[in-house]
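Down below is the structure, laid out as structure tokens.
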Amino acid sequence: MDGDWFHTAVYHVVRQIPPQRVTSYGHVAKLIGKPAYSRHVGQALKFLSPDAHPPVPWHRVVSSTGAISSRGPGTDGATRQRDALVAEGVDVVTTRSGELKIDLREYGWFPAPGTVDIGVERDEEEGSGGERDEQGAD
DNA sequence: CATATGACCTTGG
DNA sequence: GCCAAGGCCATAT
């Protein structure tokens with residue numbers, strides 16, 4: 001099943017997200033070579049449990065705008081994510097719309113595809129190596 | 001088989 | 001900055 005490696009790739013990438021940094025579903029999808037699978041990245045994260053070993057910092061994944069999806073009122077998912085991010089030292093702000101948002105300008109982690117290990121064999125193998133930090137975009 | 005939905009993204013007004 | 005529309009792929013009904 002291809003879906004299997006998809007989950008593996010998502011977990012592997014999410015685990016590589018450094019502390020005090022956040023990325024977006026779409027970027028994770030891009031990193032694994034499936035830019036159109038942004039929605040499925042969320043599905044994969046929903047699939048795993050808080051007791052997963054090794055643990056996956058799913059809370060470091062937000063939407064491209066840096067906002068945390070509501071996932072419906074009354075759900076503690078968003079609140080839990082905010083709490084986890086704040087515990088990491090990330091500054092989460094609340095917009096007038098009542099949405100939790102993060103300053104991607106500071107905490108955004110968006111490395112170029114191919115510069116991170118997705119933990120699976122891709123059709124095209126890169127020369128491996130070539131790690132460079134992303135742009136500061138200051 | 002057709003429709004609706006989802007931890008979404010991008011573009012345009 | 002926010003709201004609306006179109007696109008994307010898989011799963012559920």
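What's counted below: heavy atoms across the whole structure, side chains too, no hydrogens, waters or symmetry copies. Residue numbers start from 1 in every chain, and the chains themselves are labelled A, B, ... in the order their sequence lines are given, proteins ahead of strands.
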**Report entry** Connected via hydrophobic side-chain network under 4.5 Å: A:Phe47 and A:Val10
**Finding:** yes
Requested in this report: Can you tell me the distance, in whole Å, between the CZ atom of A:Arg39 and the C1' atom of B:dA4?
Outcome: 11 Å
Query - Nearest-Å distance for atom pair CD1/P, residues A:Ile17 and B:dA7 - result: 18 Å
**Report entry** Side chain A:His27, main chain A:Ser64, donor-acceptor under 3.5 Å
**Finding:** no
Query raised in the report: Can you find a side chain N or O atom of A:Tyr25 that sits less than 4.0 Å from OP1 or OP2 on B:dC9?
Result: no
Query raised in the report: If you check every side-chain atom of A:His40, which of B:dG6, C:dA10, B:dT10 has the closest atom?
Result: C:dA10
Report summary line: Against the side chain of A:Gln43, the closest entry in C:dG7, B:dC9, B:dA7 is B:dA7
Requested in this report: Considering just the side-chain nitrogens and oxygens of A:Ser38, establish if one lies under 4.0 Å of OP1 or OP2 belonging to B:dC9.
Outcome: no
**Report entry** Comparing A:Lys46 and A:Lys30 on DNA chain B - which has the more 5′ nearest nucleotide
**Finding:** A:Lys46
Report task. May I ask you to decide if the ring planes of A:Phe6 and A:Tyr37 are parallel, tilted or perpendicular, using 30° and 60° as cut-offs? Result -> tilted
Query - B/S/- contact track for nucleotides 1-6 of chain C, protein heavy atom under 4.0 Å - result: -S----
Query raised in the report: So, does A:Gln20 use its side chain to make a donor-acceptor pair with the main chain of A:Glu88 at under 3.5 Å?
Result: yes
Query raised in the report: So, A:Gln16 side chain and A:Val116 main chain: donor-acceptor pair closer than 3.5 Å or not?
Result: no
